[in-house]
Amino acid sequence: MKHITCIEDLRLLHKRRVPKAFFDYADRGSYAEETLRANRDDLQKIKFRQRILVDVSKRDLSTTILGEPSSMPLILAPVGLLGMQHGDGEIHACRAAQAAGIPFTQSTMSICSIEDIAGSVEKPFWFQLYVMKDRGFIKALVERAIAAKCTALCLTVDLQVIGQRHQDIKNGMSVPPEWSLSKLFDFATKPAWVQGVLQGKRRTFGNIAGHVKNTEDLTKLSAWTASQFDTSLNWKDVDWIRSIWPGKLIIKGIHDIEDAKLAVETGAQAMVVSNHGGRQLDGAPSSIHVLPGIADAVGDKIEIMFDGGIRSGQDVMRALALGAKSCMIGRAYAHGLGAGGQAGVAKAIDIIRNELLTTMGLCGVNTVAEIDRKVLAD
């Protein structure tokens, strides 16, 4: 990790070390990937005001997220299949986040189960929930998160219909993998990855295994999962979740001002402005494009988190300036995980931390609370 200087370096290392199907699963988006590209392009168009001769000797990234202290305004977002980027990937990512003093969010579609992670880390983490058709299973999953002392539930609401990811189809992406000669060759050229995954606790969806009959038949398990995303999901279901979840609730997938206002009415403590990383509705605007309007409309009523295209500390600064209180990273730390396991995730966090600290100094601000639209160039 000595010569890694940026998230793109981690991405390129990730690409070399992990089989193509799993790298592409993390890296690519839906359909023509217009929204995926817009998330990055629109962030980079935002420019800063460079300020000079301001005392920035006491810069401090510390903040609070959902009322809890955090070393910086950063959260590791829920990412599915981390355990296929690196053996026990969810555990390694959670450990890196906790060592850095920031929250980690486990995905419903993790390889490691809630219990696997809870038994392997020192502190509570957040759990992300997809509401599936089998409400009994969802209730049990929430109860498992409560038992694991998860401190926040991140309800993802933008996956009722799944956007097609062309590259996953071309790669035969599945858990377990569809085997082909080219895929066997790809795996054979990555022995460290193979060894790590084989030594991991699981190689299937840990939160679902045991619920579906014949879970040893992984094809049936994957088919059940694909059939469970619920197109009837609506705001009443958020009320139902709140009736069984006693803790802090985050609604992830808000991308419209009217939906943001409705989210406030649910009583949730936070929302994540997100378009699912350009993996769902292709042709939607970037997350940073819609953030200012949402922040202006409801930012005084609910804590706003941002997700979509963050690859640097400069990107975090841009989102904070436009109304977010904290930012989620997904691909950025997944690249770190694939590149170097827990050390790679720690490196990704450290890169963003140092870039944010430097950017604050060059813009003449000392604290996260000072970051607003005044740091941006006209």
Side-chain angles (χ1 to χ4, degrees), residues 6-7 38-51 54 56 58-77 97 100-103 105 152 154 250 252 254-255 257 260 269-275 277 285-333 348-378:
C6 60
I7 297 300
N39 278 347
R40 292 292 304 124
D41 293 346
D42 289 355
L43 274 166
Q44 292 178 320
K45 290 174 184 176
I46 298 169
K47 305 303 178 185
F48 299 110
R49 293 176 65 197
Q50 181 171 318
R51 305 301 305 277
V54 178
V56 289
K58 298 180 180 179
R59 281 164 291 147
D60 182 6
L61 297 182
S62 64
T63 187
T64 59
I65 299 177
L66 286 180
E68 297 294 326
S70 181
S71 68
M72 62 186 297
L74 194 71
I75 303 155
L76 297 197
I102 64 174
T105 318
C154 183
I250 306 160
K252 182 175 185 290
I254 301 299
H255 210 248
I257 291 173
Q269 283 72 34
M271 67 172 65
V272 186
V273 175
S274 172
N275 55 33
S286 66
S287 291
I288 200 67
H289 178 81
V290 302
L291 174 63
I294 291 174
D296 288 344
V298 301
D300 60 339
K301 301 180 179 68
I302 191 170
E303 188 166 332
I304 295 180
M305 301 167 180
F306 176 83
D307 168 70
I310 298 287
R311 301 289 188 279
S312 67
Q314 291 91 338
D315 291 338
V316 173
M317 184 95 160
R318 289 162 172 138
L320 297 181
L322 291 175
K325 299 302 181 186
S326 59
C327 294
M328 284 186 166
I329 55 170
R331 289 182 176 90
Y333 86 87
I349 296 168
D350 196 46
I351 286 169
I352 291 175
R353 181 195 306 277
N354 290 334
E355 289 172 343
L356 177 56
L357 198 63
T358 299
T359 305
M360 286 171 59
L362 293 172
C363 290
V365 297
N366 281 289
T367 67
V368 171
E370 292 178 61
I371 301 172
D372 59 20
R373 296 181 195 186
K374 293 178 182 177
V375 305
L376 302 178
D378 293 333

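The residue from Thr63, Val368, Asp60, Ile349 that alone fulfils the side chain to side chain contact (heavy atoms under 4.5 Å, CB included) condition with Met72 is Ile349. Each of Asn275, Asp42, Asp41 was scored for a side chain to side chain donor-acceptor pair (under 3.5 Å) with Ser286, with one residue passing: Asp42.
By the 4.5 Å heavy-atom criterion applied to side chains, His255 and Ser287 are counted as neighbours. The side-chain heavy atoms of Leu66 and Glu303, taken from C-beta on, include a pair separated by under 4.5 Å. Arg373 is listed as a side-chain neighbour of Pro292, based on a closest heavy-atom distance under 4.5 Å. Residues Leu61 and Met360 have side chains in contact (heavy-atom distance under 4.5 Å, counting atoms from C-beta outward). Side-chain contact between Ile329 and Leu76: present, with at least one pair of heavy atoms (C-beta onward) separated by less than 4.5 Å.
In plain terms, the two heavy atoms of Ile310 and Cys327 that are nearest each other are CD1-SG, 4.2 Å. Heavy atoms only, all atoms of each residue included: Ala260 and Ile294 are closest at CB-CG2, 3.8 Å. Here the closest non-hydrogen pair linking Arg40 and Arg311 is NE-CG, 3.4 Å. Nearest heavy-atom pair, Phe48 versus Met317, reported as atom, atom and distance to 0.1 Å: CE2-CG, 3.4 Å. Of all heavy-atom pairs between Ser326 and Leu320, the closest is N-CD2, 3.9 Å. Taking each heavy atom of Val290 and Pro285 in turn, the nearest pair found is CG1-CG, 3.8 Å.
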List the steps, then state whether side-chain contact (heavy atoms from CB on, under 4.5 Å) holds for Arg59 with Asn366. CA-CA 4 Å; Arg59 281 164 291 147; Asn366 281 289; 3.6 Å; yes
Is there a side-chain contact (heavy atoms from CB on, under 4.5 Å) between Arg51 and Val56? Walk through the geometry before answering. CA-CA 11 Å; Arg51 305 301 305 277; Val56 289; over 6 Å; no
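Expressed to the nearest 0.5 Å, how far CG of Leu291 lies from CD1 of Ile288 amounts to 5.0 Å. Summarising the geometry, atom CD1 belonging to Ile75 is positioned 4.5 Å from atom CD1 belonging to Ile65; distances are rounded to the nearest 0.5 Å. The CD atom of Gln50 lies 6.0 Å from the CG atom of Leu362; values are rounded to the nearest 0.5 Å. Note that CG of Leu322 and CG of Asp296 are 9.5 Å apart. Values are rounded to the nearest 0.5 Å. Leu43 contributes atom CG, which lies 5.0 Å from atom CZ of Phe306 (distance to the nearest 0.5 angstrom). Here the straight-line distance linking atom CE of Met328 with atom OG1 of Thr105 works out to 4.0 Å at 0.5 Å rounding.
Under a 4.0 Å N-O distance rule, the pair Arg331/Asp315 does not qualify as a salt bridge.
Ser70 contributes no side-chain N or O that, together with a main-chain N or O of Pro73, makes up a donor-acceptor pair within less than 3.5 Å.
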